[in-house]
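Values below: all heavy atoms of this structure, side chains included; hydrogens, waters and symmetry mates excluded. Since the structure is predicted, the reported quantities are computational estimates derived from the model, not experimental observations.
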Amino acid sequence: MKSSILALPLAAIAIAAMSPQAATAQPTVESVQKQDEIPFEQFTLPNGLRVVVHEDHSVPKVAVAVWYHVGSMNEPDGKSGYAHLFEHLMFNGSENRDDEYFPPLQEIGASAVNGATSYDQTYYFEVVPTGGLERVLWLESDRMGNLLGAVTQAKLDEQRGVVQNEKRTYENRPYSSMAQLRNEALFPAGHPYNHSVIGSMEDLDAASLDDMHGWFKDYYGASNAVVSLAGDISVEDARRLVTKYFGAVPPGPAVSRLTQDLPLLDTTKAQVVEEAVPQTAISWAWPVPGQDSDVGPALRLASSLIGSGRLSRLNQALVVDRELATTVFANYESYQLAGVFEIGMRLKEGVDPAEAETVLREEIDHFLAEGPSEAEMERTKTGWYSNNVRARESLFVKAMTLAGGLVFDGDPASYLKDQAQIEATTATDVRDAAREWLNRPNYQLTVVPPPDRQAGADGADRTQLPPLQGYPELTLPAVREGKLSNGIKVLFAERPGTATVDMSMTFDAGSSADLGRKDGIEGFTNGLLNEGTQSLTGNELADREERLGARIYTTGGVDTTTAVASALVRNLPETIDLWADMIRHPAFREEDIARAKAQALSRLAQSENNPDGLASDAFGSVIYGEDHAYATRLGDRRAVIESYDRADLTAFYDAYLRPDNATIYAAGASGFDTVMAELEDAFGDWKAPQSPLGQKNVDELPAQDAPRVILVDKPGAIQSVLRVGRIMPSGLDPINFDLDIVNSVLGGGFTSRLNTNLREEKGWTYGAGSGISSAIGPQAFQISTSVQTDKTKDALVEIKKELDGITGERPASEAELELVRRGEVLTLSDRFETNSAMVGYLQYVDRFNHPVNWIETLPDRYASMTPGRITQVSSLLDPEAMTWVIVGDLSKIEDDVRRLGLGRVEVRAPDGKVVR
């Protein structure tokens with residue numbers, strides 16, 4: 001959603017937000033491999049706008065990123081949250097188009113549109129088909145140069161409500177106070193990082209229209225911005241178009257900046273806070289240097305070595321060996337003025353915090369005394385490199401990477417310096433940096449006259465939006481099918497130019513295979529595959545994986561169980577061998593099973609304490625009924641988990657995770673023959689066991705014929721979580737194509753009816769939407785949202801109104817259909833942009849019996865859809881036979897809900913038992 005502070009995938013944040021540091025060993029960018037470079041050119045307009053362009057014509061799309069060097073650090077006392085609140089206002093229209101920002105982008109097939117605010121910067125981005133680029137540039141430049149006339153009191157009040165609901169959404173979750181308590185302790189009052197990015201309710205209430213106008217005038221000038229373009233555009237065209245649309249934007253005033261502000265603590269502070277959480281959580285944090293620090297690379301590696309990943313020091317000591325904690329982490333956060341090094345953990349029930357802290361202190365002291373081993377350094381550096389090289393397959397990540405470097409370092413290629421510095425950092429560097437900062441200030445002001453900046457003539461026609469300049473042609477990579485000697489089918493798409501090969505082995509299993517067995521055993525068995533093979537312990541398996549720069553893991557859904565491997569091309573044979581060992585020779589060691597059960601119980605406790613988890617569990621239980629293969633079965637789930645034993649895992653494995661139940665999907669840079677030969681070597685001699693293949697029973701369900709209301713009490717909840725839905729036809733029914741369009745109009749996107757009503761018009765929620773589960777058998781339609789407690793009744797009324805509308809009272813219009821049509825057709829290329837996406841596409845079409853070229857048939861299918869057909873199909877939603885699940889503080893909402901008369905009301909406990 002547009003207001004999300006954490007709007008980027010983690011890999012993208014890691015690349016885009018990193019500012020390079022000067023490495024101890026003085027590495028050179030020339031030492032970085034050529035394949036890791038993002039070629040670019042940059043230029044600056046006369047008004048000071050900096051532009052960077054990466055030309056890549058592999059797919060017909062362009063990623064656009066616009067960064068402003070302003071964040072919550074720029075907020076004066078009493079005005080917290082203003083940077084983020086203003087980010088919201090940037091999506092509500094500009095002077096030449098005073099309307100919502102999203103619809104014209106959906107019309108041209110934007111596959112990603114968002115904005116985000118942090119301490120040090122605010123950015124906005126779009127990913128669009130090539131023909132839609134001019135429209136994006138028109139919109140971005142218009143809100144950069146012509147915004148204030150469209151920022152009204154009504155819009156401010158609306159978005160203030162949305163932001164405050166976003167804040168309530170976060171604060172309604174366990175552990176939500178920990179980050180703010182940490183920053184208040186590390187950074188004194190008045191420090192730019194003392195307050196949260198989202199701000200306080202009091203400051204948001206006090207935000208005035210003059211405040212917002214002033215914020216724009218102070219920080220949103222061209223000279224404080226960077227535009228980054230990556231994709232299907234030439235540098236020449238980029239220069240022409242950016243000059244045309246941004247050349248007339250005023251430069252804006254010069255922005256003064258603090259260069260460093262790192263307050264150090266005089267003594268250790270200790271605080272105990274009581275809060276409704278399922279486990280004791282411990283966090284230790286140190287103020288450390290931030291961006292542009294010579295110890296940055298060493299601190300980043302230290303955080304990974306100490307507490308990131310299975311093989312980290314703390315995970316081994318606290319989770320694996322001593323079993324005192326269920327999770328641990330270490331993280332180095334590098335900001336512009338300062339940094340934070342944090343170590344945290346969640347304790348197992350009954351563990352004395354003092355005992356866990358003693359082990360934590362011992363491990364830190366040991367690390368400071370000896371430093372990391374060379375093997376640890378090699379593994380950690382390889383993992384860091386492989387994460388980044390995979391992320392940079394995406395044009396979006398490339399655009400963000402170049403923009404971040406230009407904003408913070410004045411160099412789009414600063415990520416190469418960062419990579420070289422990481423590679424050059426030694427074990428001694430890491431040890432010494434950790435010794436200095438995990439055992440323990442300076443304001444320097446430099447004034448220079450600003451350059452002479454003048455705005456040029458506006459070359460853009462501001463009276464109308466540029467039209468979409470044609471639809472992109474889809475060119476699906478060639479897909480070849482093969483078969484291993486033991487019968488396993490292989491579908492492979494060759495994608496030259498990438499540095500990886502992605503593979504998945506998918507079994508016809510999934511959580512629906514639990515029926516008749518202990519509930520949850522599929523997921524538990526699948527997870528134990530990662531815990532080691534008959535010849536490798538879990539640690540040894542993880543160590544080999546990280547040394548190879550591979551990603552090997554398992555995942556699952558209701559119908560399938562999947563083992564995934566992503567390999568660097570240079571290490572493909574070794575990665576496939578390791579992947580095959582994990583799949584073919586699981587160990588299921590007793591100690592691993594015991595630890596996994598403790599972790600599963602911890603996750604269950606988290607879910608039972610989270611209102612969203614309670615709502616999802618209740619909905620999944622009642623919508624299917626607990627005897628169906630797709631149902632969420634409640635009851636005494638702790639007892640079920642505690643009863644798991646090795647025989648249960650082995651029985652499930654032999655029944656379902658076997659070659660006569662498997663298909664391999666793959667995509668990447670290696671040729672078909674090469675991949676087939678490696679797969680044959682690793683899997684060709686794998687034989688099915690003598691025991692019979694498992695049989696699943698996914699029954700059809702009768703249509704629900706009457707409404708029902710399920711209430712679950714969560715005393716003290718500050719929001720109510722709503723789930724509304726009913727059973728739909730099976731995933732193999734052709735009507736699902738039509739149903740997906742109905743869902744898109746109702747709740748499938750930001751501009752859908754539900755989100756427009758509850759968020760954009762009413763400001764009652766951070767977001768509202770709907771979806772249809774993707775399953776071979778009967779699927780579930782579900783509306784999901786969380787609303788402030790005092791609007792629970794009103795939100796339910798509005799949801800019912802929208803259901804009545806889409807099914808007849810206000811049928812879908814041609815304009816809504818065209819918006820969905822464009823949004824779907826113009827984003828189809830996203831489904832094969834990366835190797836991982838291509839593998840997912842192959843899995844999807846094979847699972848639902850579509851031809852491989854299915855994607856190429858979709859534009860014509862969307863074109864043939866009519867509003868009349870949508871109205872006809874929408875009758876399947878039947879508003880008079882819905883299941884309504886509401887989780888919240890029943891002392892405040894129950895009477896109002898009952899008076900609505902939505903259906904027969906039941907109050908249930910979290911375990912599914914009817915209370916009244």
Side-chain angles (χ1 to χ4, degrees), residues 2 51 53 55 57 59-66 90-114 124-147 150 227 229-234 236-249 395 399 457-475 741 744-745 749-751 812-830 858-867:
K2 72 188 182 192
V51 185
V53 183
E55 189 172 344
H57 302 287
V59 290
K61 59 194 291 187
V62 182
V64 180
V66 181
M90 285 281 280
F91 287 90
N92 285 119
S94 53
E95 292 172 3
N96 294 292
R97 190 185 182 281
D98 190 4
D99 204 348
E100 283 288 331
Y101 193 78
F102 282 77
L105 293 170
Q106 191 173 352
E107 286 177 1
I108 61 171
S111 57
V113 182
N114 216 324
Y124 307 87
F125 57 84
E126 301 85 10
V127 181
V128 296
T130 307
L133 176 60
E134 285 208 55
R135 179 170 293 194
V136 171
L137 298 179
W138 191 100
L139 288 164
E140 283 285 12
S141 64
D142 208 58
R143 63 180 177 179
M144 182 187 290
N146 306 291
L147 183 79
V227 173
L229 305 175
D232 188 21
I233 183 172
S234 67
E236 179 183 352
D237 285 343
R239 187 186 300 271
R240 173 178 58 81
L241 292 174
V242 173
T243 301
K244 174 181 177 180
Y245 289 104
F246 291 86
V249 176
L395 292 175
D458 193 346
D461 178 3
R462 299 292 176 182
T463 63
Q464 59 183 350
L465 290 170
L468 174 66
Q469 298 175 4
Y471 282 75
E473 292 187 10
L474 297 176
T475 305
I741 298 177
S744 294
V745 174
F750 190 86
T751 58
S813 66
E814 177 59 36
E816 288 177 308
L817 175 56
E818 177 61 16
L819 197 61
V820 171
R821 186 182 290 127
R822 289 191 177 203
E824 294 293 336
V825 172
L826 293 168
T827 58
L828 290 176
S829 62
D830 291 357
L858 295 184
D860 289 342
R861 295 193 64 182
Y862 282 111
S864 67
M865 186 59 58
T866 66

Below 4.5 Å, heavy atoms only, C-beta onward: do [X] and [Y] meet side chain to side chain?
| X | Y | answer |
| --- | --- | --- |
| Pro104 | Arg135 | yes |
| Val820 | Val745 | yes |
| Phe125 | Val64 | no |
| Phe246 | Glu140 | yes |
| Leu468 | Leu826 | yes |

For the residue pair [X] and [Y], what are the closest heavy atoms and their distance?
| X | Y | value |
| --- | --- | --- |
| Asn146 | Ser94 | O-CB, 3.3 Å |
| Val136 | Ile108 | CG2-CD1, 4.2 Å |
| Ser813 | Pro867 | C-CG, 4.2 Å |
| Glu100 | Asn92 | OE2-ND2, 2.8 Å |
| Ala460 | Tyr245 | CB-CD2, 3.4 Å |
| Asp98 | Ala150 | OD1-CB, 3.7 Å |

Value rounded to 0.5 Å, distance of [atom1] in [X] from [atom2] in [Y]:
| X | Y | atom1 | atom2 | result |
| --- | --- | --- | --- | --- |
| Trp138 | Leu465 | CH2 | CG | 4.5 Å |
| Glu816 | Gln106 | CD | CD | 10.0 Å |
| Met144 | Leu137 | CE | CG | 10.5 Å |
| Met865 | Ile741 | CE | CD1 | 4.0 Å |
| Leu133 | Leu229 | CG | CG | 6.0 Å |
| Ser111 | Leu828 | OG | CG | 10.5 Å |

Between Phe91 and Tyr124, what is the ring plane arrangement, given parallel below 30°, perpendicular above 60°, and tilted in between?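 Phe91 and Tyr124: tilted rings.
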Can Asp142 and Arg462 be said to form a salt bridge (Lys or Arg N to Asp or Glu O under 4.0 Å), step by step? CA-CA 8 Å; Asp142 208 58; Arg462 299 292 176 182; 3.4 Å; yes
Check the pair Thr751, Leu819 against side chain to side chain contact (heavy atoms under 4.5 Å, CB included), reporting the backbone distance first and the verdict last. CA-CA 9 Å; Thr751 58; Leu819 197 61; 3.9 Å; yes
Who pairs with Glu818 by side-chain hydrogen bond (donor to acceptor under 3.5 Å, both in side chains), at least two apart in sequence or on another chain?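 side-chain hydrogen bond (donor to acceptor under 3.5 Å, both in side chains) list for Glu818, sorted by chain: Arg821, Arg822.
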Is a salt bridge present between Asp830 and Lys61, judged by a nitrogen-to-oxygen distance below 4.0 Å?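 Salt bridge between Asp830 and Lys61, a charged N being under 4.0 Å from a carboxylate O: yes.
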Assess whether a salt bridge exists between Glu95 and Arg143, defined as any Lys/Arg side-chain N lying under 4.0 Å from an Asp/Glu carboxylate O.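 Result for this pair is no, no salt bridge flagged.
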Distance-only polar pair, side chains of Thr463 and Asp461, donor-acceptor under 3.5 Å: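 Yes, a side-chain donor-acceptor pair sits under 3.5 Å.
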Return yes if some donor-acceptor pair links the side-chain N/O of Ser864 with the main-chain N/O of Arg861 below 3.5 Å, else return no.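 Side chain of Ser864 to backbone of Arg861, a donor-acceptor pair under 3.5 Å: yes, one is there.
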Among all residues two or more places apart in sequence or in another chain, which pass the side-chain contact (heavy atoms from CB on, under 4.5 Å) test with Glu55?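 Here the qualifying residues are His57, Ser234, Val235.
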Other residues, nucleotides and ligands only: do more than 12 of their heavy atoms fall within 6.0 Å of CD on Glu814?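 It does: Glu814 CD has more than 12 such atoms within range.
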